[in-house]
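Data first, discussion second: the structure below is written as structure tokens.
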Amino acid sequence: MDIKIPFNEELRPDTGLYNAKLGVWLFLASEVMLFGALFSAYVLLRVAAPIWDNSILNIPMATINTVVLITSSVTMIMSWVSLKMKNLEKYKLYMGLTILCSVVFLIIKYFEYSSKFEHGYYPSTNTFLAIYFTMTGLHMLHVLGGIVVNFYLWIPGVKMWETEPERFTNRIEIAGLYWHFVDLVWIFLFPALYLL
Amino acid sequence: MSDHSSHHEESFLRKYIFSIDHKIIGIQYGITSLFFLLFGFSLMLVMRWQLAYPDTPVPLVGGLIKWLAELNGFASNGNLPPDLYNVFGAMHGTIMIFLGVVPIVVGAFGNYLVPLQIGAPDMAFPKLNMASYWTYFVGGVVMVVSFFIPGGAANSGWTSYPPLSEITTATHGQTFWLIGMIFLITSSLLGSMNIIVTIVQLRVEGLTWMRLPFFIWTQLITSFLLVLAFPPLEAAGILQLMDRVAGTSFFLPSGLVVGGEVLANSGGGSPLLWQHLFWFLAHPEVYVLILPGMGVIGEIIANNTRKPLWGYKSLVYGITFLGFMSFIVWAHHMFLTGMGQAMSVFFQTTTMIISIPSVIVLTCFLISLWGGSIRFNTPMLFALSWLPMFGIGGLTGLPLGLAPPDIHLHDTYYVISHFHYIVAPGTIFAIFAGIYYWFPKVTGKMLNERLGKTHFWFSLIFMNGIFFPMLIQGLAGVSRRLADGGITYAHAQGVIHYNSFMSASAWWLAVAQIPFIVNIIWTLIKKKDNPVDPNPWKATTIEWTDTTSPPLGHGNFEKEPVVYRGPYEYSVPNEKEDYIPQTKK
């Protein structure tokens, strides 16, 4: 294709944005509504539930996971900053760390899930477990999506740095915004499901 | 892959199937959604037979119905059995709304016209645009396939209220519905984000917010509604899917008795939760259905009265306010659930408030006609009839917005009539108007006026022949959920004889669409050497004034336009022509 879409990488003067940045913010707005609806469902179900037994959840594991995810958000920013400072090697290091953290998160989550299944706790057991599995499951899908995107930007997609460094840096920023959102959802999920 | 030459011919697959050109994608959306509109309409034609002549074999398509019923496991001698009637009812609503009207007003009109009207070479994200169409297509395929599985497609209404939609786990129609909906929602999200970014970021120089054509404003507000309202339905869909597949009880209360036995689920869920999540989408969705229609009507009225649209700023502020308000009126669909007086009072108040911007829009359009020298061409006839039809639809909605009359009317045909007046002679007429109006832009050929006017007059008459008697039936108290049209229903006895008249109107409405279809096919095939005027309606907006004759190449404009004035400068005194293009200095 030979047409050029304006403001793909340069900023539009009156909005101060490039296209994808506005796009990702709109996407995040829709994600807020998605998880917002689930949190509303959580509140409604919890208010109506006679018992709400979240003592079966493993708080230490979830705390480690919280730290892991926050760390991955920090390394994500570092990878973007590294590109802004034209340091590709540092970018690769920090992006690798980000992916590592997200994989660690999934591994810990796997152990959590399997111990629940071992004890006969399934989504169908009660409303609390139903909302627990649904919300954390959907969050895990988002983590998986983030890993796919970040991995693409880490290895196969990095060649764009040679031809369009500006656009590539923007891509990292976009992926980062998404990743922080995924992190933020967890920061809401952790107290709502484990602590309260 | 390696070919970076700017002159190489794109492959057929890239150009027409997996196209990233917004115009091709718009046409793909248009053709697919017109097919689905026809399909959804056909379901209703069969249902109207069952309503008028219960349990008798359906003429013409009886064999087909028998085959489908037996495929699904229902007994039929060519008639429409009640189970299949429920399937048809649920799928008529689903197909018309999610596969027909939304894709055509946003996917087809929005996609095709938004970049052209704001002077952009394409949408902001062309590949996302392609993904949006193909996700929609997959969602459509899932919905169509579900007709042919054992037990048939979804049969719990387009609203899919639990527990009804969840106790049917023996068959998979509802599960197909949910999966199909997740595809359709994703498609709408991709499409609407794309439209917002395109409008915000890709307006050409000089095209300030208050110089945007009204159609663009309606697309912008519509897209915001889609982005913010669809995800809660997606969440609700996921929860219902969990209920059906993983055995959770999000929407199933404790101690639910089905068929004499207590359900084995854990219980503790709330059927009302679904209704809240569903209507949180579905009320803004109502405005998704009507707003782009308003945009089309606005463009056509200004063009054919040769006058500026009256109250442009009121219109813009009106629909912005309407978009905002549409998020806080949803529970007026739920007055019957006994959710409590405080809730009812809140939602009926907001509902009365939201009728104000609709009245503003209608009033502005009516005043726009004042003193104009109106050209009564086909698009304008559809636009003019839209005004009273939308008026009837809106006014009949007022009693439904107040809890006391709603309790009487809610489960009757009155409601069916009310919202069909909004979407059938409302939105569908706006779609027809838009097709007649923009057809020369898309194809370079004018549709035949005589066939167009035939199409218009008969459609108008038969639309009212269907929906007006429904108001009377509804006021008499006829339930809208009876598969036999009310033959054994005490309330229906005085007004049940309207059924055959209404059904005949529906079939004649189908016949009235033949001139439309013939018109399109005949124009495309026969009128090869029609003189191609890029601006046959003498319009002011960029898509007419600054493009060459169709078909337009990918990229739309040979030279990037610059805008110097508002969208509706018609009949400016002391000008030689009665219109000034937006791009004229």
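Worth saying up front: this structure is predicted, and the values here are computed from it rather than measured. Chain letters run A, B, ... following the sequence lines, proteins first and then strands; every chain starts at 1.
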Ignoring hydrogens and angles, state whether a donor on the side chain of A:Glu9 or A:Asn170 is under 3.5 Å from an acceptor on the partner side chain.
-> no
Engaged part of B:Phe125 at the chain A interface, taking heavy atoms whose separation is under 4.5 Å | side chain
Around A:Ile51, counting heavy atoms of other residues, nucleotides and ligands shown, do more than 12 lie under 6.0 Å from its CD1?
-> no
When you measure from the centre of the six-membered ring of A:Trp161, is the NZ or CZ of A:Arg171 under 6.0 Å away and within 45° of the axis?
-> no
Side chain, backbone, both or neither: which part of B:Phe230 has an atom under 4.5 Å from a heavy atom of chain A?
-> neither
Under 4.5 Å from any heavy atom of chain A - which part of B:Met193 = both
Greatest number of non-hydrogen atom pairs under 4.5 angstrom with chain A, of B:Val200, B:Asn556, B:Leu277, falls to B:Val200
Where does B:Leu239 contact chain A at under 4.5 Å (heavy atoms): side chain, backbone, both or neither?
-> side chain
Using a 4.5 Å cut-off on heavy atoms from C-beta on, say whether the side chain of B:Arg14 contacts that of B:Ile20.
-> yes
Chain B heavy atoms under 4.5 Å from A:Ala41: which part of the residue, side chain, backbone, both or neither?
-> both
Non-hydrogen atoms of chain B under 4.5 Å away: do they reach the side chain of A:Phe27, the backbone, both or neither?
-> both
Just do the side-chain hydrogen bond (donor to acceptor under 3.5 Å, both in side chains) check on A:His180 and A:Ser73 with the steps written out, would you?
-> CA-CA 6 Å; A:His180 301 321; A:Ser73 255; 2.9 Å; yes
For B:Arg203 and B:Ile199, indicate whether the former's side chain and the latter's backbone hold a donor-acceptor pair under 3.5 Å.
-> yes
So which part of A:Leu129 gets closer than 4.5 Å to some heavy atom of chain B, the side chain, the backbone, both or neither?
-> neither
Proximal component of A:Leu22, with respect to chain B [non-hydrogen, under 4.5 Å] | both
Tell me, for B:Leu202 versus chain A, whether the close heavy atoms (under 4.5 Å) come from the side chain, the backbone, both or neither.
-> both
Could you check which of B:Leu233, B:Asp21, B:Leu272, B:Leu228 has the highest count of heavy-atom pairs closer than 4.5 Å to chain A?
-> B:Leu228
Output the option from B:Gly267, B:Ala236, B:Pro232 having the highest count of non-hydrogen pairs under 4.5 Å with chain A.
-> B:Pro232
Just by distance, do the side chain of B:Ser132 and the backbone of B:Leu128 share a donor-acceptor pair under 3.5 Å?
-> no
Flag the pair A:Pro6 / B:Pro121 as yes when at least one side-chain heavy-atom distance between them is below 4.5 Å, and no otherwise.
-> yes
